[in-house]
Amino acid sequence: MAAAQGMISTAVAVRMPFGSTKSNLKRFYVGQRFKNGMGRMSISSTVKSMSNNNNAETLQESQDSRGPSYIWSDKQRPRVCILGGGFGGLYTALRLESLVWTDNKKPQVVLIDKSENFVFKPLMYELLSGEVEPWEIAPAFKDLLANTGVLFVKDSVKIIQPNGPGEVLPGGNVQLESGLNIEYDWLVLALGSEAKLDVAPGALEYALPFSTLDDAQRTDQALKKLERARFGKSSLPIEVAIVGCGYSGVELAATIAERLQDRGTVTAINVDANICPTGLPGNREAALKVISERNVQLLLGFYVNCVRKPADADESDNQAKFILDLQPAQRGIDSKSIEADLILWTVGAKSLLPQLESFDYGKRLPLTSRGQAEIDETLQVKGHPRIFALGDSAALRDNGGRLLPATAQVAFQQADFAGWNIWAAINGRPLLPFRFQNLGEMMTLGMNDAAVTPGFIEGLTLEGPIAHTARKLVYLARLPTDEHRLKVGISWLAKSTIDSIALLQGSISKVLSSS
């Protein structure tokens, strides 16, 4: 970077004036190129902003090795930088926007994410069943933030540098992969996690994770390719292997088995002797009942030792099946091998925080062995009161001493507290300790099946169509903005009406044909 910095061909300073009302909201694109003898490095960020004053946003060339700096529009108002646009990051930004602020204390907020779209992950399974469209569960950040004062930057985070307690200015700096440097007064870490496929040889090369929108779309395309290739070939069933029988694995198994019906089989592998071992009993029993009625084979008490192609198969042969070598988790069970056309991996996740660099080793964040930031009950990183962490980026225990699960429900609730505690810190008010409230657990089991166990009614589990409808209504209410909820609600209502009419027509046709 230092070499590239010395070869800057043109200094750039761009100002973006904004009108005095929200209706004058504008987008801008800023690009700066650095040259050297080895090639180019480009910096480009798409940002969306609203200002009530005739202020200007400026990108200027920095004179140090950190690269160009983003200049905030107001030097007096607090600056909040949020890393990650999942449930934790986006909902913290929206919470900050919804709170009541005095004019000189309302923070300027920048949200940074490597993707252009927020993804409502609990509904990704419905992409495989065709129940939802990508736009419904993955709206663009620029659309969600259009009527807010939150700035969005599409980029990846490279370095965080918090200022030390003895330094004049609080806060610190964040450097993005593009080279853009952003100073902050308050930082929110909500980078989430990514799939961990390096736990078994061959998994990284041959298995597909299921944790992002791209993963879901790749899975859907792989299934479509197999369905086209095996169309009309009843002797060649599609074989899908799913590694992991937590909630994600079971939901995938039920959804894909329903999609394939008698054209294929699903094998679900789990090291534990039960499916959903940490789930509520009611959901586990409902899931077992559903998958037992479909072409799902459970291999419990096994872990994947290796994923490979047959010895006589050419690596370029896309038609060859994969082989999963399984080892028993307990003695007394023989090892075995199974074949699969498609392998989906749902176990293991690794935090993205350890991938971040730091200018100063002494200022690095305290991380657990799992790569999560150590935080106190106010969600502040220990030793760094200006940094909050939540979701998969944070390690926090409940009253029983157990680590809170990495679920959307936890991140959603923490975002509410993080937003409030930043408000309290800026306004000199006491911060609130976070207390997780388990509202229950929900899981999809197909196009008209689900299991819902509410946390406030002991022993009650809803199943079937009622649970399916309840789950979708709950998630509809949890979508990020009122505008998006309205659009999705209308879309789902229209689809439901069309399906009901089609069902009625089919019933009438059967009655007429039998009479």
Side-chain angles (χ1 to χ4, degrees), residues 124-132 134 195 197 200 202-270 275 287-300 302 304-326 336-347 443-449:
M124 286 201 310
Y125 310 95
E126 278 79 348
L127 283 174
L128 302 182
S129 62
E131 292 181 76
V132 302
L197 294 177
L204 189 62
E205 292 82 6
Y206 303 127
L208 291 179
F210 196 85
S211 61
T212 68
L213 178 63
D214 288 341
D215 294 338
Q217 292 176 326
R218 281 196 293 266
T219 300
D220 184 51
Q221 291 301 317
L223 287 170
K224 287 179 179 178
K225 183 178 180 180
L226 289 168
E227 288 165 341
R228 288 193 297 266
R230 306 292 169 84
F231 181 76
K233 300 178 181 179
S234 57
S235 61
L236 292 174
I238 298 170
E239 295 179 313
V240 178
I242 297 175
V243 182
C245 289
Y247 270 103
S248 181
V250 172
E251 288 176 296
L252 269 177
T255 301
I256 294 177
E258 182 183 53
R259 171 172 170 165
L260 296 178
Q261 296 184 12
D262 58 354
R263 293 174 293 136
T265 60
V266 175
T267 302
I269 306 158
N270 201 40
I275 66 170
L288 279 171
K289 182 169 64 176
V290 169
I291 63 178
S292 65
E293 298 170 354
R294 300 177 185 169
N295 290 331
V296 178
Q297 179 187 8
L298 292 177
L299 291 179
L300 304 178
F302 288 91
V304 178
N305 187 52
C306 177
V307 180
R308 57 186 174 86
K309 282 192 173 183
D312 57 348
D314 190 338
E315 284 295 323
S316 62
D317 184 6
N318 295 325
Q319 302 298 321
K321 290 181 179 289
F322 303 107
I323 297 178
L324 294 89
D325 295 326
L326 308 181
K336 62 175 59 181
S337 297
I338 64 170
E339 293 185 342
D341 298 292
L342 175 64
I343 303 171
L344 300 177
W345 201 276
T346 69
V347 294
M443 61 190 309
T444 182
L445 296 170
M447 290 190 66
N448 208 31
D449 278 303

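Nothing fancy with the numbering, it's 1 onward along the sequence.
Here the closest non-hydrogen pair linking Pro134 and Leu127 is N-CD2, 3.8 Å. Across all their heavy atoms, Gly244 and Val347 have their closest contact at CA-CG1, 3.2 Å. For Ser337 against Asp325, the heavy-atom pair with the smallest separation is OG-OD1, 2.7 Å. For Leu298 against Cys245, the heavy-atom pair with the smallest separation is CD2-SG, 4.4 Å. The two atoms that bring Gly446 and Glu258 nearest to each other are CA-OE1, 3.2 Å, heavy atoms only. The minimum heavy-atom distance between Met124 and Ala216, with the atom names listed, is SD-CB, 4.2 Å.
Atoms CG and CE, on Asp449 and Met447 in that order, are 11.0 Å from each other to the nearest 0.5 Å. Rounding to the nearest 0.5 Å places CD1 of Ile269 at 5.0 Å from CG of Leu326. Put simply, NZ on Lys309 and CZ on Phe322 are 5.0 Å apart, with the number rounded to the nearest 0.5 Å. In this structure, NZ on Lys321 lies 11.0 Å from CD1 on Ile343, to the nearest 0.5 angstrom. From Asp214, atom CG reaches atom OG1 of Thr219 across 10.5 Å, with rounding to the nearest 0.5 Å. Atoms CD1 and CD1, on Ile338 and Ile323 in that order, are 10.5 Å from each other to the nearest 0.5 Å.
Side-chain contact between Leu344 and Ile256 is present, with heavy atoms from C-beta onward closer than 4.5 Å. Side-chain contact between Asn270 and Ile275: absent, with no pair of heavy atoms (C-beta onward) separated by less than 4.5 Å.
In terms of modelled atom types and a separation under 3.5 Å, the side chain of Asp215 and the main chain of Thr212 share a donor-acceptor contact. In this structure a side-chain-to-backbone donor-acceptor pair under 3.5 Å is present from Arg294 to Ala254. With hydrogens and angles disregarded, no donor-acceptor distance shorter than 3.5 Å links the side chain of Thr255 to the backbone of Leu252. Of the possible donor and acceptor atoms, one in the side chain of Asp341 sits under 3.5 Å from a partner among the backbone N and O of Glu239.
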Under the criterion side-chain contact (heavy atoms from CB on, under 4.5 Å), I'd like the reasoning laid out for Val304 against Trp345: C-alpha separation, chi angles, the key distance, then a yes or no. CA-CA 10 Å; Val304 178; Trp345 201 276; 4.0 Å; yes
side-chain contact (heavy atoms from CB on, under 4.5 Å) evaluation trace for Val296 with Val290: CA-CA 10 Å; Val296 178; Val290 169; over 6 Å; no
Is there a side-chain contact (heavy atoms from CB on, under 4.5 Å) between Leu324 and Phe302 once you walk through the steps? CA-CA 11 Å; Leu324 294 89; Phe302 288 91; over 6 Å; no
N/O donor-acceptor pairs under 3.5 Å from side chains in residues 260-268, not counting sequence neighbours:
residue	atom	partner	partner atom	Å
Arg263	NE	Leu260	O	3.3
Arg263	NH2	Arg259	O	2.7

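Of the N and O atoms on the side chains of Tyr247 and Thr346, not one donor lies less than 3.5 Å from an acceptor on the other residue.
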